[in-house]
2 protein chains.
Amino acid sequence: MALRVLSAKSSAALDQELMSAGAFSIDQLMELAGLSVSQAVHKLQPLNKGRRILVACGPGNNDADGNCPAGPDAQTGGDGLVAARHLWHYGYQPTMYYPKQSKNELYQRLTTQLHALDIPFAQDFGAALAQTDHVVDAVFGFSFAGEVREPFPAVIAALAAAPVPVLSVDAPSSWDIERGPPPDGPGKAFHPQALVSLTAPKPLVKWFGGRHFVGGRFLSPAMAEKYGLDLPPYEGIDQIVEVPVEGQKL
Amino acid sequence: MALRVLSAKSSAALDQELMSAGAFSIDQLMELAGLSVSQAVHKLQPLNKGRRILVACGPGNNDADGNCPAGPDAQTGGDGLVAARHLWHYGYQPTMYYPKQSKNELYQRLTTQLHALDIPFAQDFGAALAQTDHVVDAVFGFSFAGEVREPFPAVIAALAAAPVPVLSVDAPSSWDIERGPPPDGPGKAFHPQALVSLTAPKPLVKWFGGRHFVGGRFLSPAMAEKYGLDLPPYEGIDQIVEVPVEGQKL
């Protein structure tokens, strides 16, 4: 059975509701989202298959005050920052690519937490890509719309040609949330090996043919019902579950 | 090899440092601490052995402004609130006993998150204890000192005589952090089956003879070295690890 999908607009509304009526803080939700991402990496890339993980983080999406205007799912870069910390604790060797660092206070703290672990920050994405076993694409998430700004066109082109597996967070970066791969530009040929959808799959999964995980184990049945979603069939204490998706072509 | 222990005073200093130089928010740390507690429950009480978990939460430890003066380890009640939410998502049936509800904003939000899952709050601890398969003791943690105030003396006496296993968080409630079981009072006879120490074991483990877990997988090597601690030998993606402890008598 395929899980139902959540539009970009509804995803933003659900995030806002989690943080208002749901009483979650963005710190909490991002911690759990990043933890889910780290568990998906562990599933895809066991420690004995190579420990070097390149985590590419987007600029975040801040308003003029440096606040996160939308919730954790919109903040894909932050999910990558949290995931990298957990990966380090699991025994991986993460390297960050985070060229446009957010002034958002939470993002800055998450970055400090990585510096405390001496996790390196790469300047040259291509060079970093040549020295890794796996990539986490946390560049653009479900709030992405419009154009891919510098320096990310080259990053997405490199991801599309990556010699190692790529796990995208919420969306293959530069894909349209409703319409999937862009008709042209660097993302046209970008088909990552795996995707982890946070809270719920987005409509773009219709165009996605790789392994698909859902994470973010905090949705209440009442919220799922309100947004027309399924509670994913998580097992045990896992924060992620691998799922088939309607329209998925393998 | 036994893990080194952390005094009450050093525990408070470490928590403060995690939140200042370490750049963690209390929301983040408490989420990870409560997640650790939930994983210890899952290890001790697999779902097929009975799903009813009674979570007893203490009053928290707030200053006049309702802020948490110390960190997540001091806030044992909050760890219980977080753990209960995760336990619900794993498929357990948690019941809360939380008679002195904190006005602290984080505690209030964590409580709202439990109400959203329709988790019941019991008024009568004895009655709740007669209808559960397992207990989480998140009444008093490492910041406990002095006297046990109402209604907790009867709660601790009931825990000491509980017909089901009890997991204590950071300390068997009412135990002195440095000197172990109190010489008299309801806690004298309280020897829970299991203990989960957050961040590091406290000196009281010398008097503890049950199963012992360490949780809170966020300590950096630099912080561990500064405080004379070991990084616990966590495995895989686990947030807890079962450990022997110096002086532990089984």
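Order of the sequence lines fixes the chain letters, A, B, ..., with proteins taken first and strands second; residue numbering starts at 1 for each chain.
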Self-check item: A:I240 side, atom CD1; B:I237 side, atom CD1 - distance, nearest 0.5 Å
Solution: 7.0 Å
Quiz prompt | Greatest number of heavy atom pairs closer than 4.5 Å to chain B - which of A:L35, A:V82, A:L219 | solution = A:L219
Self-check item: Contacting region of B:L117 [heavy-atom separation from chain A under 4.5 Å]
Solution: side chain
Quiz item: Under a 4.5 Å heavy-atom cutoff, which of B:L231, B:L110, B:L87, B:L32 has the most pairs with chain A?
Solution: B:L32
Quick check - list every chain A-chain B donor-acceptor pair under 3.5 angstrom, one line each.
unit_1: A:A23; atom_1: O; unit_2: B:R109; atom_2: NH1; d: 3.1
unit_1: A:A23; atom_1: O; unit_2: B:Q113; atom_2: NE2; d: 2.9
unit_1: A:S25; atom_1: OG; unit_2: B:D27; atom_2: OD2; d: 2.5
unit_1: A:D27; atom_1: OD2; unit_2: B:S25; atom_2: OG; d: 2.5
unit_1: A:Q28; atom_1: OE1; unit_2: B:Q113; atom_2: NE2; d: 2.9
unit_1: A:Q28; atom_1: NE2; unit_2: B:E31; atom_2: OE1; d: 2.8
unit_1: A:Q28; atom_1: NE2; unit_2: B:Q113; atom_2: OE1; d: 3.1
unit_1: A:E31; atom_1: OE1; unit_2: B:Q28; atom_2: NE2; d: 2.8
unit_1: A:H89; atom_1: O; unit_2: B:R217; atom_2: NE; d: 3.3
unit_1: A:H89; atom_1: O; unit_2: B:R217; atom_2: NH2; d: 2.6
unit_1: A:R109; atom_1: NH1; unit_2: B:A23; atom_2: O; d: 3.1
unit_1: A:Q113; atom_1: OE1; unit_2: B:Q28; atom_2: NE2; d: 3.2
unit_1: A:Q113; atom_1: NE2; unit_2: B:A23; atom_2: O; d: 2.9
unit_1: A:Q113; atom_1: NE2; unit_2: B:Q28; atom_2: OE1; d: 2.9
unit_1: A:R217; atom_1: NE; unit_2: B:H89; atom_2: O; d: 3.4
unit_1: A:R217; atom_1: NH2; unit_2: B:H89; atom_2: O; d: 2.6

Quiz prompt | Residue selection (most heavy-atom pairs with chain B, distance under 4.5 Å) from A:P46, A:P221, A:A116 | solution = A:P221
